[in-house]
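In what follows, a single structure is set out as structure tokens and then discussed.
Residue numbers begin at 1 in each chain, while the letters A, B, ... track the order of the sequences.
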Amino acid sequence: MALHDQEMRFVYGAVLNELMAENPNVLCLEADLSKASGTNPQVPNAHAMNFVNFGVAEANMISTAAGLAAEGKIPFCATFTCFASRRVYDQVTISVAYGNNNVKIVGTAPGVTAGPNGGTHMCFQDLAIMRAMPNLHVYSPCDVYELRAVLRHMAASRQPTYMQLVRGQVGAVFDESVTFSPDRAIRLREGTDVTLVSTGYMTQFAVGVAESLAAEGVSVELLHYPSVKPFDAATLVASARKTGGVVTVENQNIIGGLGGAVCEVLGEQCPTRVKRLGVPDQFGEVASETYLFDKHGFGPAHIAAACRELAGGAR
Amino acid sequence: MAGEFDRAEFDRLAAEWRYTITDMICRAGSGHLGGALSLVEVVMTLYKRVMRFDPANPKWADRDRLVLSKGHAAPVLYVALAYEGFFPKDWLATLNADGTKLPSHADERFVPGVDMTTGSLGQGLSCASGMALAGKLDGKSHTVFCIVGDGECNEGQNWEAAMFAAHNQLDNLVAICDDNKLQIDGFTDQVLSLEPFADKWRAFGWEVMEMDGHDWDAVHRTLTAAQQVKGRPVMILAHTIKGKGNRAIENRPESHNIKVPDAAAYQKYMDALAVQDCTLPY
């Protein structure tokens, strides 16, 4: 089975096993959601000593991870995004980021992908609140190949990090050759009429939108940001200068996340017309992805419409 | 490294530490005096008689660790580290000054010898558990000490950590509760009752010991006994007096954080020290 036929969470667990085989200091920390994260049973089966379950106690997991990191361990802590970000925000702030302890936090089932768990579990603000934290990197890989590259980078760098992890299967954007640098956005498609900026789960859709618009004669420059922080401003500014219009799309509240980062950069360095797509400052609900895309206006058809509107934009 | 015990010298030094801590906080203009003074005998015994460490190599892998979870008591830790030679005693006079290396709450990033940054109550016992687990995974024999406050035990995260440390049989973890019966808003039994405190820790699977936190012999005996316990973490309830040795604040709620706006206030707190014939180390 090809890697892109696997669920993202299975690849997360499999890559952790690879990393543990190479470095016994890599640890897998879970808070009673290890099957949901894709690490159980494959990680405890292969590396029982490197697998630690905290029970339903996320705050303790994050601060304990800081203690482990202070001793040279490289703990990857996974739980749903709502718990990995907002529930443990002070633990991440003080034990991890302020204390500069090398903890890797993995928020699973981001945004609408929380699906049937509904509004209580649907976290739309993790990119925003984690991005506002000094000394924390924030990543959101878009497919299994990039996920593996991002995880390998995380294990090799001494950098407190938050990463979104979509649990299900995601369309392949890259192949085995993809590399990751937190300082670099990836230009997936060159274009001249409008810049489309995406991250994480939404990039697979953005690729399809850009292709279909090309057939209509709209030339989309597609920028994918696997790292929302640090944020590669130069690539964005160069593209915005060329196209004159920027559309952002993210599986998040439009406040403070990818769209926020884009507006901050452009507002200061290259004032440009921007349209942010995502969830317009509302909570989630139990619903299908299609329903939520349509309700909030950030599915493929909405992305295409926004790109058409800004194509050739007001320079 | 563990040294000889000379009671008269320890008494003299404890008075000097209390004099110094009071001066440091008064110079800074404000600070958490009460909870620093209550820990003098515990912290001095740890550094002079119990813990293994090397000031020339603060990150020595086989050292014993100390997480001061009640990070606001940092002045007593800073004094201990300066007296043991981790950094020059001159630094002590810079507590909370602009650009200081010694911030109000214990900070690993700036202070040689501090093993974990703390300040947000409730997190240190988890951090210490992680350090103890790492020691177990690496087959090390050192002890991880963790000092929590009694008021701090209001924070639910302590009890998450309590379950975790017992579940994982972290017998290389020795917690000490500075049980001075006071928190910011008053006496602990009036703000949020902890009792039956010892039984709570026992129920969570911990070995519980109690000691007079100002009695040199009891403190040394209990700390060393705790290091011998096998199969479970240890909680030592150190019965202490908040503001010990400074009559202006002893056992008073307002001892938690004093304000020293002027020379008169400075003189009031210095004059209230039980022992006066001390020399500042800077």
Do A/Thr81 and A/Gln164 pair up side chain to side chain, a donor and an acceptor below 3.5 Å, judged on atom types alone?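 Not at all, the side chains of A/Thr81 and A/Gln164 share no donor-acceptor pair under 3.5 Å.
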Is there a donor-acceptor contact under 3.5 Å linking the side chains of A/Ser37 and A/Glu30?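 A/Ser37 vs A/Glu30: donor-acceptor pair found between side chains.
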Side-chain ([X]) to main-chain ([Y]) donor-acceptor, under 3.5 angstrom:
| X | Y | answer |
| --- | --- | --- |
| A/Asn60 | B/Gln157 | no |
| A/Arg9 | A/Ala36 | yes |
| B/Thr100 | B/Leu102 | yes |
| A/Tyr12 | A/Thr39 | no |
| A/Gln42 | A/Gly38 | yes |
| A/Ser34 | A/Asp32 | no |

Is it the side chain or the backbone of [X] that comes within 4.5 Å of chain A heavy atoms, both, or neither?
| X | result |
| --- | --- |
| B/Ala161 | both |
| B/Gln123 | both |
| B/Asn158 | neither |

Using a heavy-atom distance cut-off of less than 4.5 Å, which residues of residues 90-119 of chain A contact chain B?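 Within residues 90-119 of chain A, near chain B: A/Asp90, A/Gln91, A/Ile94, A/Ser95, A/Tyr98, A/Gly99, A/Asn101.
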Neighbours of chain B found in residues 126-134 of chain A - heavy atoms under 4.5 Å: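 Residues qualifying by a heavy atom under 4.5 Å from chain B are absent, so none.
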Does A/Glu71 pair with B/Lys140 as a salt bridge, N-O distance under 4.0 Å?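 Judged by the 4.0 Å cut-off on N to carboxylate O distance, A/Glu71 and B/Lys140 do not form a salt bridge.
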Whether B/Arg52 and B/Asp64 form a salt bridge (side-chain N of Lys/Arg under 4.0 Å from carboxylate O of Asp/Glu) is what I want to check.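 Counted as a salt bridge, because a side-chain N and a carboxylate O are separated by less than 4.0 Å.
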Please rank B/Ala132, B/Ser120, B/Gly130, B/Gly122 by heavy-atom pairs under 4.5 Å with chain A and give me the top one.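 With the most close heavy-atom pairs to chain A, the winner is B/Gly130.
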Option that, when pairs with chain A are counted at under 4.5 Å, heavy atom only, ranks first among B/Glu108, B/Lys59, B/Arg65: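 Of the options given, most contacts go to B/Arg65.
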Look at the rings of A/Phe180 and A/His153 and say which category their plane angle falls in: under 30° parallel, 30 to 60° tilted, over 60° perpendicular.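 Geometry flag for A/His153 against A/Phe180: perpendicular rings.
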Do the rings of B/Phe87 and B/Trp91 sit parallel, tilted or perpendicular, given the 30° and 60° boundaries?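 Parallel: the ring planes of B/Phe87 and B/Trp91 meet at under 30°.
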So that I know where these two stand, are B/Phe53 and B/Tyr47 an aromatic pair - ring centroids less than 6.0 Å apart?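 Aromatic pair counts; centres sit under 6.0 Å.
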Tell me, for A/Ala59 versus chain B, whether the close heavy atoms (under 4.5 Å) come from the side chain, the backbone, both or neither.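 Both parts, backbone and side chain.
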Examine whether an atom of A/Leu27 lies under 4.5 Å from a heavy atom of chain B, and if so say whether it belongs to the side chain, the backbone or both; otherwise answer neither.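 When you check distances to chain B, only side chain atoms of A/Leu27 fall under 4.5 Å.
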Heavy atoms only, distances under 4.5 angstrom: which of A/Val56, A/Thr64, A/Asn25 has the most pairs with chain B? Name it, please.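 Winner by heavy-atom pair count: A/Thr64.
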